[in-house]
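In what follows, a structure is listed as C-alpha cells, so that the remarks can point back to it.
Here is the naming used below: chain letters follow the sequence lines, and residue numbers restart at 1 for every chain. The figures here come from the full heavy-atom set of this structure, side chains too, leaving out hydrogens, waters and symmetry mates. Everything numeric here is computed off the predicted structure, so don't read it as measured data.
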Protein chains: 2
Amino acid sequence: MARTKEFNEDQALDKAIEIFWHKGYNGTSAQDLVTHLELSRSSLYDTFGDKQKLFSKALRRYQKQGEDNIEKLLDESTDIKATLTIIFKQAVLESLEDRITKGCFMVNSAVELAMHDEEIAKIVSDNRKTIEQIFFKAIKKGQNSGQISAQQDARILARFIFNNYSGIRVLARAGEKDKQFYGDILKAIFFIF
Amino acid sequence: MARTKEFNEDQALDKAIEIFWHKGYNGTSAQDLVTHLELSRSSLYDTFGDKQKLFSKALRRYQKQGEDNIEKLLDESTDIKATLTIIFKQAVLESLEDRITKGCFMVNSAVELAMHDEEIAKIVSDNRKTIEQIFFKAIKKGQNSGQISAQQDARILARFIFNNYSGIRVLARAGEKDKQFYGDILKAIFFIF
DNA sequence: CTAATTCAGGAACGATTGTTCCGTATTTTT
DNA sequence: AAAAATACGGAACAATCGTTCCTGAATTAG
C-alpha cells in the first residue's frame with residue numbers, strides 16, 4: 001500500500017478559506033494557494049481537483065462553521081435579544097479589530113461569483129435559508145417567552161436581521177472603522193424588537 | 001490639426017460601467033472592454049490610460065449619477081417616507097426584473113476592491129458619506145414636517161437606511177428573486193419610522 | 001495640397017494565469 | 001526485501017492577462 005498524507009486536509013482547507021476570503025476568487029492565483037497552503041502544486045491538484053472545486057469546498061466549510069456557531073449560541077441562549085446583540089457585535093468587532101478587514105467570506109463570494117457560478121449560487125442560497133431559519137427559530141422562542149415583541153411576524157424579523165447582517169459585513173469589507181457608525185445601526189435594528 | 005474624436009467619451013464610460021458592473025474588475029478582461037466599448041485597443045488606452053484608471057473613472061461617474069438621482073427624488077419630495085419607499089422598491093425591482101442581476105456597482109466594487117485599492121476605497125467612502133448625508137437631510141425634513149417620528153435621531157435613521165440598502169443590493173446580486181422576501185424586509189424597515 | 005493629428009486594426013510584448021506531467025523520494029503492506 | 005502506492009518539488013504547458021507599438025487610413029486646419 002501507499003504512504004499516508006503528510007498534511008491535514010481540513011487544515012489546508014482552513015488556509016484556503018483564509019486566502020480566498022482575503023483576496024477573493026479571481027484575486028487568488030494558483031501560486032498564492034501553493035504558498036499559503038504550503039503544499040506542492042501536485043499535492044494541491046491531486047487532493048482538491050482544481051481551483052473552483054477547492055474554492056467551493058472551502059466556502060462550504062466556512063458556511064458550516066458559521067451556521068454551527070450562531071446556532072449553538074442561539075440554542076443555548078436564555079435571552080435571545082441579548083444573544084442577537086452579541087452576534088452583531090462580534091461581526092462589528094471583527095471589522096474593527098482585524099488589521100486587514102475581510103468582511104464575510106459568504107457575502108464576498110455571493111457578490112463576486114453567485115451570478116457566474118451555479119454551485120456558488122447554491123451555497124449562498126442554502127446559507128441564506130439556513131441562517132434565516134436559525135434566526136426564525138430563535139425569534140419564535142423569544143416571542144414565546146415574552147422577551148421579544150410578538151407585534152412583528154417572526155419571519156419578517158428573521159429576514160430583517162439577516163439583511164442588516166449582510167449590510168454590516170459589506171461596510172466592514174469596505175473598511176468602515178467608525179465605532180459610532182456601527183453603534184447607530186445596532187441601535188436602530190434593536191429598536192424594532 | 002487633428003481629426004475629431006469619433007466616439008463620445010461619456011458614452012464609452014457608460015459602457016464601461018455596464019461591463020464592469022456585470023463582470024467585476026478582475027472578471028473583465030481588456031478584450032471584454034475592447035468588444036463592449038466598441039473601441040480599438042489603442043483608442044482605449046490613449047483615452048483612459050489603463051484598466052484601473054478606466055474603472056475608477058467609471059465608478060465615479062456611476063456614483064455621481066446615483067447620488068444625483070436620489071438627491072433629486074428626495075429634494076422634490078413632499079412625502080419623505082413615501083419617497084424612501086419608492087427608492088427601495090426601485091432597487092428591488094431592478095433585482096427582480098433584470099434578466100441578469102447586477103446588484104449595485106458601488107457595493108460590488110466595495111467588496112471586490114476597497115481593501116486592495118486606495119482610490120476605490122476613497123470613492124466608496126465618499127459615496128457612503130454623501131448618501132448618508134442626503135438621507136439625513138431628507139429625514140430631518142420629514143421629522144420637521146411631522147411625517148417621520150422624531151423619536152429616533154435622524155443620523156441613526158439615515159445610517160440604518162443606508163445599511164439596509166446595502167443589504168438588499170447584496171441579496172439582489174446573489175440572485176434572490178423572492179418578492180415576499182424583499183417585501184418582508186421593507187415592512188420591517190419602515191416599521192421603525 | 002500639405003502637415004498634423006487621431007483613428008482603427010492587429011501584431012507582439014513579457015508576465016502571469018490555471019493546469020499537467022515527470023522523476024524521485026518516501027512510506028506502507030505483503 | 002520487494003512491490004505498490006502516493007507525496008513531493010519543479011519543470012513545462014498552452015492560454016490568457018494587461019499593455020505597447022506599428023501600420024496605414026482618415027480627417028482636420030492652415
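- Contacts classified as ring pair (Phe, Tyr, Trp, His ring centres under 6.0 Å) and involving residues 106-156 of chain A (residues at least two apart or in different chains) are given here: A:H116-B:H22.
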Kindly give the atom pairs (protein nitrogen or oxygen, nucleotide nitrogen or oxygen) under 3.5 Å for nucleotides 16-19 of chain D.
from	atom 1	to	atom 2	distance (Å)
D:dG18	OP1	B:T28	O	3.1
D:dG18	OP1	B:K51	NZ	2.6
D:dG18	OP2	B:A30	N	2.5
D:dT19	OP2	B:Y45	OH	2.9
D:dT19	OP2	B:K51	N	3.0
D:dT19	O4	B:R41	NE	2.7

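- Between B:K64 and B:E71 there is no salt bridge, since none of the side-chain N atoms of the basic residue sits less than 4.0 Å from a carboxylate O of the acidic one.
- Applying the ring pair (Phe, Tyr, Trp, His ring centres under 6.0 Å) test to every pair with at least one member in residues 59-84 of chain B, sequence neighbours left out, gives these pairs: B:W21-B:Y62, B:Y62-B:F105.
- Residue pairs meeting the salt bridge (charged side-chain N to carboxylate O under 4.0 Å, His left out) criterion with at least one partner in residues 32-49 of chain B, sequence neighbours excluded, are B:K15-B:E38, B:K23-B:D32.
- A:F48 places its CZ atom 16 Å from the C1' atom of C:dG18, with the value rounded to the nearest Å.
- Rounded to an integer number of Å, the gap from A:F55 CZ to C:dT19 P is 14 Å.
- Rounded to whole angstrom, the span from the CG atom of B:L44 across to the C1' atom of D:dC21 amounts to 16 Å.
- Between the CG atom of B:L39 and the P atom of C:dT6 there is a distance of 15 Å, rounded to whole Å.
- A:V170 belongs to a hydrophobic cluster whose other members, connected by ILVMFWY side-chain contacts under 4.5 Å either directly or through intermediates, are A:V107, A:V111, B:V107, B:V111, B:V170.
- In this structure, A:I86 shares a hydrophobic cluster with no other residue, the cluster being traced through Ile, Leu, Val, Met, Phe, Trp and Tyr side chains under 4.5 angstrom apart.
- Side chain of B:S43, nearest nucleotide from C:dC7, D:dC8, C:dG9: C:dC7.
- In this structure, A:K23 places its NZ atom 11 Å from P of C:dG18, rounding to the nearest Å.
- Counting distance only, with no hydrogens placed and no angle test, the side-chain atoms of B:S42 and the base atoms of C:dG9 include a donor-acceptor pair under 3.5 Å.
- As a whole-Å value, the separation of B:E38 CD from C:dC7 P is 16 Å.
- When rounded to the nearest whole Å, the span between CG of B:N8 and P of C:dT6 equals 17 Å.
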